[in-house]
Amino acid sequence: MSQFTHYLTLGFLWQGLLIAIEISLAAFFAALPFALGVALMRMSRNAIVRWIPVPFIWVMRGTPILLQLLFWYDVLPNIGIHTSAMATAIIGLVLNEIAFMAEIIRGGLLGVKQTQRDAAAALGLSRWQVLYLVVIPQALRTIAPAMSNEAIIIIKNTSLASVITVGELTLRSEQVTSTNFQYAAVFAAAAVLYLIATSAVMLVQSRLEAGLDIERRARITAQASLRAQEAGFVPVGPAGPAFGLPTPNGGRPAGGLLARLTGRDRHIEPPAQPATRGEASPELLSALRASEEASAGAGEPYVQIRDVRKAFHGNEVIKGVSLDVEPGNVVFLIGPSGSGKTTLLRTINHLETVDDGEILVGGEHVGYRRRGEKLVPVRDPASARAKARIGMVFQHFNLFDHLTVMENIMEAPVRVYGRKPDEVRREARGLLAWAGLAGYENHYPHQLSGGQQQRIAIIRAVATHPRLMLFDEPTSALDPELVGEVLQLIRRLAEAGMTMVVVSHEIVFAREWADNVVFMEDGCVIEEGKPEELFRNPREDRTRAFLSLIDARLSGARAGGPAEQEAL
């Protein structure tokens, strides 16, 4: 035991451990950016770019690291690169780890749902902003454990550098045993030193995972809010209507704001005074009516869809659709599933490209430019989306899971439109009060009901001051009792003069609030007209058959009780 203690405290071995740690840190952090680049290449839509790193990954993953170190130790001097043995070890480990870490990163990035990317793109975020603000933060929860494992493997692999005369821990242990032959005591001490280094990595991993744990951050937020209330940081009065728009729930004011707490810095501050009707935002009201005013003088529809066609893998899902949306109007797209409604909606803001035809929003193409007689997509459609100011609300909410409600709302106005955070935060609080969600700004999406999440999604889109709103079946993923609160918010936007295109089966709502109804089937517009005309006296047999099925469902809902009737 005394011999073990002697070697465990031997400075010669600790110096070897320090060299192993230096090699490990250098190799890990040098490999990381290259691994991210290789992972992105492997995810590229371009087949050539996607396959360029494949041979490198194949060789690095398929051959022993020991052989790779010996190869570089022999080859580098022959090609004129003269480095120390330690530098050669770092180069060899970096090249090896790039291949392994790239696949770990790629797996984490692929684990983030495409819907999160779509939601970020619809807000006008660029591809790189989508990557580092939305995709990477969510992928880190998957990547962190595997990357920590790789860091431990690098530390252990430094022992192989002994074959190229790097004086790390293993080589120094061998040098000691070559003189005293006390293998058990020396190598047991070396093993403990390796365990100390790898345990440090495990500790960092534990702290990192705790920081990435959304549920833990949510608990901290709730506890801090409770402490803030107990300390007297409570609102002085109820939050009233914001931006001069009517309040949901029959005009009843929403509940008061809780003390503000960010999940990042845990800083508590007293809440700002809630907005009142007298403090309406002229900027937002102006933005809500901007599309109508912009096109009124020109006498043109705000959205012009001209003979648009779109196919996926040879299957044509939109077949020569033409449609106009007048400024300030609410247009409903109805029809059976698979009729092309959602695809048509996504082509308006360039989430999907068109194969033929054109779409104009406010007299401009979104994400296209003319090349002779043809329209070709621009390289960066994000700026075109931002300029067009098209808000979109998705069927499954698509809030960013790693961000709080306030952070979800603020991301686009600050990152895309360059507005001041304090100004956006103040406006966001007003919008939350307007939607009946005051006090929810520090909640995470998983803490909210479906109806609350969809209302936050609407607020997130409205916070960008859109001139056009697209709704993709905004109530189909909700329980019947939650549908009413979302439709009520959409109605408020309609009352404010927002131009909207809505894909929905909420026929009762369409009858009351649509300016025009379009029935689609098999990628074609079968019939369109005013709701009172199309619903009461449809011209086409297929429209009548579809509406009869909807009427049967509505009759069943009326007979089902108050919950179903409320949904209508």
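Just so it is clear, the structure is predicted and the values come from calculations on it, not from any experiment.
Put simply, the residue from R419, K420, R425, R426 that forms a salt bridge (Lys or Arg N to Asp or Glu O under 4.0 Å) with D422 is R425. Of the listed residues (I526, I334, V321, L323), just one forms a side chain to side chain contact (heavy atoms under 4.5 Å, CB included) with M520, and that residue is V321.
By the 4.0 Å N-to-carboxylate-O rule, D522 lies too far from R542 to be salt-bridged with it. Looking at E506 and R491, no side-chain N of the basic residue comes within less than 4.0 Å of a carboxylate O on the acidic one, giving no salt bridge. The residues R346 and D118 are annotated as salt-bridged, a charged nitrogen and a carboxylate oxygen being separated by less than 4.0 angstrom.
In plain terms, the two heavy atoms of R117 and V112 that are nearest each other are NH1-O, 2.8 Å. A pairwise comparison of heavy atoms in A120 and V134 identifies CB-CG2, 4.0 Å as the closest pair. Nearest heavy atom pair, residue K530 against residue N516, reads N-OD1, 3.7 Å.
In this model, no donor atom of one side chain and acceptor atom of the other lie less than 3.5 Å apart for D307 and S322. Counted by atom type alone, E473 and S504 present zero donor-acceptor pairs between their side chains at under 3.5 Å. No hydrogens or angles considered: nothing links the side chains of E352 and T347 as a donor-acceptor pair under 3.5 Å. Looking at Y440 and Q452, their side chains do bring a donor and an acceptor atom within 3.5 Å of each other. Between the side chains of H465 and E427, a donor-acceptor pair is found at a separation under 3.5 Å. For the residue pair N398 and Q116, no side-chain donor N or O sits within less than 3.5 Å of a side-chain acceptor on the partner. Judged by distance alone, the side chains of E533 and N537 never bring a donor and an acceptor atom under 3.5 Å apart. With 3.5 Å as the limit, one finds no donor-acceptor pair spanning the side chains of E215 and H446.
With a 6.0 Å cutoff to the six-membered ring centre and a 45° limit on the axis angle, R460 counts as a cation-pi contact of F400.
Ring geometry, H505 versus F546: the interplanar angle falls from 30° to 60°, so the pair is classed tilted.
No side-chain heavy atom of R467 sits less than 4.5 Å from a side-chain heavy atom of T499. Taking 4.5 Å as the limit, every side-chain heavy atom of T464 sits out of range of all side-chain heavy atoms of V416.
The CZ atom of F397 sits 13.0 Å away from atom CG of N408, with the distance rounded to the nearest 0.5 Å. Atom CD1 of residue I458 and atom CE of residue M469 lie 6.5 Å apart, to the nearest 0.5 angstrom. F332 CZ to F509 CZ: the interatomic distance, rounded to the nearest 0.5 Å, is 5.0 Å.
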Report task. For side-chain hydrogen bond (donor to acceptor under 3.5 Å, both in side chains), just list the numbers for S476 and Q395, CA-CA rounded to whole Å, side-chain angles, deciding distance to a tenth of an Å, and then say yes or no. Result -> CA-CA 7 Å; S476 63; Q395 177 180 358; 2.8 Å; yes

Query raised in the report: For E485 and R455, what are the C-alpha separation, side-chain angles and deciding distance, and is it a salt bridge (Lys or Arg N to Asp or Glu O under 4.0 Å)?
Result: CA-CA 8 Å; E485 61 190 26; R455 282 186 283 166; 3.5 Å; yes

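For R544, the CZ atom sits in a packed shell: over 12 heavy atoms of surrounding residues, nucleotides or ligands are nearer than 6.0 Å.
Outside the 6.0 Å centre-distance limit, the rings of Y444 and H402 are not counted as a close aromatic pair.
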